[in-house]
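In the text below, chain A, chain B and the rest are named by the order of the sequence lines, each starting its count at 1.
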Protein chains: 2
Amino acid sequence: MTTSKAHPDSVRGDPDKKTIALIDRIAREVRTSIENGKLPAVSFPIRGLSNVIYDRAKGYFELGGARKLRTLTMNTARSFAQTLRMMATSRAMLENDDFATKREVYYVSKNWGYCRFDEQAESDAIMDDIEALASLHGLSREQLRFYPESHGGSVAGRLTVVDRNPASGEIIEIDCAELGSGAYTIPRSVEHLGFLTNAQFVLAIETGGMFQRLNNHRFWDGANCIIVEMGGVPTRATRRFIRLLSDKQDLPVYCFVDCDPYGIANIYRTLKVGSGNAAHINRFFCVPRARFLGVTPQDIVDFGLEDATHPLDKTDIKRAEDALHNDPFIVAHPEWGAAINQLLQMGVRAEQQALAKWGLNYVIDEYLPQKLANQQSFLP
Amino acid sequence: MTTSKAHPDSVRGDPDKKTIALIDRIAREVRTSIENGKLPAVSFPIRGLSNVIYDRAKGYFELGGARKLRTLTMNTARSFAQTLRMMATSRAMLENDDFATKREVYYVSKNWGYCRFDEQAESDAIMDDIEALASLHGLSREQLRFYPESHGGSVAGRLTVVDRNPASGEIIEIDCAELGSGAYTIPRSVEHLGFLTNAQFVLAIETGGMFQRLNNHRFWDGANCIIVEMGGVPTRATRRFIRLLSDKQDLPVYCFVDCDPYGIANIYRTLKVGSGNAAHINRFFCVPRARFLGVTPQDIVDFGLEDATHPLDKTDIKRAEDALHNDPFIVAHPEWGAAINQLLQMGVRAEQQALAKWGLNYVIDEYLPQKLANQQSFLP
């Protein structure tokens with residue numbers, strides 16, 4: 001790294017204090033109610049699709065104002081206690097700088113006596129409620145120290161990740177240009193990471209095979225970028241990593257996926273604006289600066305891929321029709337309506353690796369340079 | 001790294017020459033046949049279960065002696081030509097130090113005119129034949145430069161991976177103890193990697209959540225080991241990476257997975273001896289030095305996990321019965337028969353994260369140290 005746009009943020013501190021303060025405030029309110037002889041209650045946002053809003057200006061699906069009140073009664077005593085114990089678990093992990101997966105939290109409850117969970121589905125639902133509540137205060141599940149089971153994708157290129165030794169607190173710098181044919185695995189929580197980079201953009205790639213090609217041939221070196229392997233619909237950790245990188249380093253994100261309804265309406269749409277059934281987290285995980293580099297339906301024509309396509313099957317067509325009529329993001333962008341209609345008219349889909357038809361490294365020598373030189377053709 | 005057991009091997013050279021020599025020899029034989037007015041033919045091993053042998057001494061499933069002859073006739077002209085063109089593609093990639101995924105090879109064929117593949121299943125089958133043939137000469141698919149789509153698992157701990165800059169050839173050392181809360185992603189091909197380590201063993205872990213816990217708490221530091229996340233049944237790259245690490249550095253491999261028939265008969269068994277329907281590759285991918293640390297059925301009793309278990313379902317029971325009666329590896333090891341019978345009698349399974357019942361870090365503070373102090377209890 002020769003230059004950097006910004007110094008990395010400090011790795012702990014404010015978010016933890018804010019999370020502890022939120023938990024303490026809720027606990028205090030419950031206690032005060034009890035001391036005043038009132039039934040304690042905690043108010044949670046409703047997480048269903050019924051309570052989702054898409055605001056084009058904000059650029060992501062978000063929670064509406066609907067709330068549900070969890071009051072302590074004979075019938076709710078157990079779930080009320082479970083909610084408080086789970087918040088206490090979160091607080092203890094914040095104190096100890098520890099974390100737990102959803103599954104671990106379920107097992108931890110086995111020592112809670114009467115309010116132990118019988119099924120992980122129960123503990124997951126309560127965790128989602130707490131997560132939705134915390135999200136109203138700008139805090140994510142990872143900041144509550146509940147980590148996802150699956151880690152993030154792989155990263156390579158012109159980026160130094162600034163982490164710390166979890167044991168000593170000592171700063172560690174990981175140069176993602178110095179990992180050979182391997183790559184950096186995004187950890188399950190990325191809130192504490194800082195970044196040093198002089199890259200011009202982030203390239204988010206659907207398939208592992210394409211990532212390996214661009215990495216082995218050092219595409220990121222000439223193009224001065226960072227490449228991220230999503231491996232299908234990106235995990236929470238991958239989405240949050242790209243978002244933080246984009247925000248902190250003021251970097252645009254270009255998405256390079258298959259040209260099919262899944263690549264467009266699932267992978268890209270989830271990366272950019274989030275998903276409808278997890279609206280309470282989209283504000284943390286969406287990547288508003290994402291744009292769609294390709295493969296676009298027009299690319300199939302422009303790059304002569306017609307004989308390397310596959311016919312759209314029933315699932316593809318249903319997904320495309322759904323997106324055209326029911327997806328607020330697609331509906332809000334006529335360019336996407338036109339592109340998906342073009343795809344339906346052509347009746348075919350093309351994988352990003354179809355470019356290999358013109359030679360294994362055509363994607364590096366021709367396709368990506370041509371696309372990057374014409375960024376106004378990117379879809380929104 | 002303060003000391004190392006061995007210097008890394010050189011990163012290219014002999015295997016490539018050997019692969020090119022094999023391809024050239026087959027091509028020459030075909031040409032000689034034609035020049036002598038004979039119908040050319042290539043002999044391939046039969047890849048089905050009918051041609052699999054388990055030799056306890058060797059420790060993996062391997063191909064038997066059955067062969068099929070692909071002769072050039074009117075009916076086979078296309079597949080014969082496809083076979084030769086795919087070998088030529090492999091040779092060109094060896095010359096150019098390039099590689100291709102299965103899917104890319106399929107697309108590359110779109111420029112082969114009459115002998116192009118119509119479906120990827122066709123090109124995959126021919127690639128498997130070539131791979132099986134190469135395996136008889138000690139060469140893997142990766143050495144033919146055909147790479148899998150999925151990469152390997154994550155690695156952290158007391159290991160320096162020695163790779164090269166694919167562009168300049170310059171040596172790159174990646175210290176897996178210096179990746180913070182992140183990890184090293186195993187690339188799709190690992191043949192060229194070297195290792196520097198003073199670790200005492202490799203711990204192969206089933207779940208991402210457990211890997212993150214052991215990594216964040218620097219378990220590998222005190223235990224002086226290397227940890228590898230398998231993420232369920234390990235990919236080819238993960239298996240080959242562990243195998244090379246074990247061979248080159250003379251390291252034992254301890255497997256830490258869920259206590260259920262899937263963890264035992266699928267994940268562990270595949271890691272150790274390979275799988276029945278891919279016998280031609282097991283010699284490269286099996287890890288003969290793998291042993292089963294846990295979670296064992298006896299651990300459920302010894303570590304008081306009874307109330308953190310789940311009942312075995314029908315699939316579990318069927319898988320266990322299959323393993324007891326039909327799996328040559330299990331049948332060859334009475335200790336495994338006893339353990340699986342014990343599991344069936346208890347009627348429950350336990351996940352590795354069930355140890356969190358005793359506290360999130362019980363696994364680090366109690367379980368793993370106790371197990372490691374009593375290695376004769378490991379299952380074979």
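Two residues are said to be in side-chain contact when any heavy atoms from C-beta on lie closer than 4.5 Å; B/Arg116 and A/Asp307 meet this criterion. Using a 4.5 Å heavy-atom cutoff, the side chains of A/Thr101 and B/Gln212 are not in contact.
Looking at A/Arg218, the atoms closer than 4.5 Å to chain B (heavy atoms on both sides) all sit in the side chain, from C-beta outward. Contact of A/Glu351 with chain B is made through backbone and side chain together, with heavy-atom distances under 4.5 Å. Proximity to chain B (any heavy atom under 4.5 Å) is shown, for A/Leu179, by both the backbone and the side chain.
The minimum heavy-atom distance linking A/Ser181 with B/Pro187 is given by the pair O-CB, 3.2 Å. Between A/Gly180 and B/Ile174 the shortest heavy-atom distance is N-CD1, 4.3 Å. When all heavy atoms of A/Arg213 and B/Ala100 are compared, the pair lying nearest together is NH2-CA, 3.8 Å.
Ranked by heavy-atom pairs under 4.5 Å with chain A, the first of B/Lys102, B/Met210, B/Glu178 is B/Glu178. The candidate with the highest count of non-hydrogen atom pairs below 4.5 Å against chain B, out of A/Glu173, A/Lys110, A/Glu104, A/Glu170, is A/Glu104. The greatest number of non-hydrogen atom pairs below 4.5 Å with chain A, out of B/Val155, B/Ile186, B/Thr207, is found for B/Thr207.
Listed in order of number, the residues of residues 352-368 of chain A that approach chain B to under 4.5 Å between heavy atoms are A/Gln353, A/Ala354, A/Ala356, A/Lys357, A/Trp358, A/Leu360, A/Asn361.
Among residues two or more places apart in sequence or in another chain, the ring pair (Phe, Tyr, Trp, His ring centres under 6.0 Å) test is passed with A/Phe99 by A/Tyr147.
Atom CG in A/Asn215 sits 9.0 Å away from atom CZ in B/Arg188 (nearest 0.5 Å).
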